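This one's a predicted model, so the numbers in the text were calculated from it and none came from an experiment.
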Amino acid sequence: QAQVTRPPLVGASLVLAYGGLLAAWFATHAAPGARPSPLGSLAVLLMIGLAFLRQVLDIREMNRLNLRLEEARAALEDKVADRTSELARTNRELAAEVDQRRRAETALQASEERFRTLVQNSYDMITVHDAGGRVLFESPSVARLLGFGPDGLLGRTPFEFVHPDDIPIVREAFQRV
């Protein structure tokens, strides 16, 4: 428990107040020929005691308030520590996710490069079609095998090259693929 100490100014004020009360008491008792009144003496002593008691109560209240303040500070520090821990965990998770995405991107780029190399250097004719059959991509081997120039099949359908009597059979085979 933290103890409260009075600032020097408050301590000095108390010394002056107690000193004044004691001086008044001594004046009534030490003056030559003075007849101190027992009631006056009791009143001065009672005032000194009450002033002292008030200061003790103030110090106890300040100690109680400091204790509550310390408890609130400790609770706040606990919350900050919990939140900091949670943020650190989240940062680790995000870093792991970023690392995983980077590895996936690297693997995808490597896969795309292998596929591109395979398609560009293959002797087989490779084409990619949309749902309607139009050619979206053709490999360089199309020019070697069919004699078309670069991109000679792009936008065309295979049905343009099939005898009209065979189109239903080719269309059915294309739909199955």
Side-chain angles (χ1 to χ4, degrees), residues 1-15 53-177:
Q1 176 178 346
Q3 293 296 318
V4 174
T5 56
R6 291 282 184 184
L9 187 58
V10 173
S13 299
L14 288 176
V15 168
L53 181 61
R54 178 67 189 149
Q55 293 306 313
V56 168
L57 293 177
D58 283 349
I59 291 172
R60 283 186 178 171
E61 178 65 13
M62 288 176 68
N63 285 341
R64 187 184 66 75
L65 291 175
N66 273 348
L67 179 61
R68 285 183 50 204
L69 182 63
E70 178 62 28
E71 289 169 351
R73 185 194 60 77
L76 181 59
E77 283 183 5
D78 288 346
K79 286 181 182 180
V80 167
D82 290 346
R83 183 65 176 141
T84 300
S85 174
E86 180 182 325
L87 288 172
R89 181 184 47 78
T90 301
N91 282 340
R92 286 190 303 272
E93 290 172 358
L94 287 173
E97 186 177 324
V98 166
D99 186 51
Q100 181 181 4
R101 286 185 183 205
R102 283 186 184 143
R103 285 186 305 222
E105 287 175 11
T106 301
L108 178 62
Q109 288 171 351
S111 175
E112 287 174 347
E113 183 61 32
R114 282 191 304 274
F115 179 74
R116 187 178 304 107
T117 301
L118 177 67
V119 168
Q120 295 295 327
N121 297 315
S122 174
Y123 287 104
D124 293 329
M125 185 174 77
I126 300 172
T127 56
V128 177
H129 301 261
D130 66 10
R134 294 195 195 309
V135 176
L136 301 175
F137 169 82
E138 63 184 47
S139 66
S141 61
V142 169
R144 283 191 309 269
L145 295 172
L146 299 179
F148 286 101
D151 301 330
L153 293 181
L154 289 182
R156 299 177 77 179
T157 67
F159 308 114
E160 296 174 30
F161 305 100
V162 176
H163 189 276
D165 293 342
D166 296 330
I167 287 180
I169 297 169
V170 172
R171 193 175 301 272
E172 182 183 324
F174 182 79
Q175 287 176 352
R176 277 186 276 143
V177 173

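- Every residue two or more places apart in sequence or in another chain that forms a side-chain contact (heavy atoms from CB on, under 4.5 Å) with Thr84 is listed here: Val80.
- For the salt bridge (Lys or Arg N to Asp or Glu O under 4.0 Å) test, no residue two or more places apart in sequence or in another chain qualifies with Arg102.
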What donor-acceptor contacts under 3.5 angstrom involve side-chain atoms of residues 162-171, with partners at least two apart or in another chain?
| unit_1 | atom_1 | unit_2 | atom_2 | d |
| --- | --- | --- | --- | --- |
| His163 | ND1 | Asp165 | N | 3.1 |

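- Side chain of Ser111 to main chain of Ala107: no donor-acceptor pair is present (N/O by atom type, distance under 3.5 Å, no hydrogens or angles).
- Taking Glu71 as the reference, nothing meets the salt bridge (Lys or Arg N to Asp or Glu O under 4.0 Å) condition, with sequence neighbours excluded.
- Across all their heavy atoms, Pro158 and Gly133 have their closest contact at CD-O, 3.2 Å.
- Glu112 meets the side-chain hydrogen bond (donor to acceptor under 3.5 Å, both in side chains) test with no other residue; sequence neighbours excluded.
- In this structure Glu105 satisfies the salt bridge (Lys or Arg N to Asp or Glu O under 4.0 Å) test with no other residue, sequence neighbours excluded.
- How far CZ of Arg92 is from CG of Leu87: 10.5 Å, rounded to the nearest 0.5 Å.
- For CZ of Phe161, the number of neighbouring non-hydrogen atoms (other residues, nucleotides, ligands) closer than 6.0 Å is greater than 12.
- Applying the salt bridge (charged side-chain N to carboxylate O under 4.0 Å, His left out) definition to pairs two or more places apart or across chains, those involving residues 75-86 are Arg73-Glu77, Arg83-Glu86.
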Could you list the donor-acceptor pairs under 3.5 angstrom formed by side chains in residues 135-153, with sequence neighbours left out?
| unit_1 | atom_1 | unit_2 | atom_2 | d |
| --- | --- | --- | --- | --- |
| Glu138 | OE1 | Leu153 | N | 2.7 |
| Glu138 | OE1 | Leu154 | N | 3.4 |
| Glu138 | OE2 | Asp151 | N | 2.9 |
| Glu138 | OE2 | Gly152 | N | 3.1 |
| Ser139 | OG | Ile126 | N | 3.0 |
| Ser139 | OG | Ile126 | O | 3.4 |
| Ser139 | OG | Ser141 | OG | 2.8 |
| Ser141 | OG | Asp124 | O | 2.5 |
| Ser141 | OG | Met125 | N | 3.4 |
| Arg144 | NH2 | Ser122 | O | 3.0 |

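- Shown here are the side-chain contact (heavy atoms from CB on, under 4.5 Å) partners of Glu93, two or more places apart in sequence or in another chain: Arg89.
- By the side-chain hydrogen bond (donor to acceptor under 3.5 Å, both in side chains) test, Arg134 is found to be paired with no residue, residues two or more places apart in sequence or in another chain being considered.
- Using a 4.5 Å cut-off on side-chain heavy atoms (C-beta onward), Asn66 and Glu70 make no contact.
- By the side-chain hydrogen bond (donor to acceptor under 3.5 Å, both in side chains) test, Arg114 is found to be paired with no residue, residues two or more places apart in sequence or in another chain being considered.
- A distance-only check finds a donor-acceptor pair linking the side chain of Glu160 to the backbone of Thr157 [under 3.5 Å].
- Scored by the salt bridge (Lys or Arg N to Asp or Glu O under 4.0 Å) test, Arg101 finds Glu97 as partners (sequence neighbours excluded).
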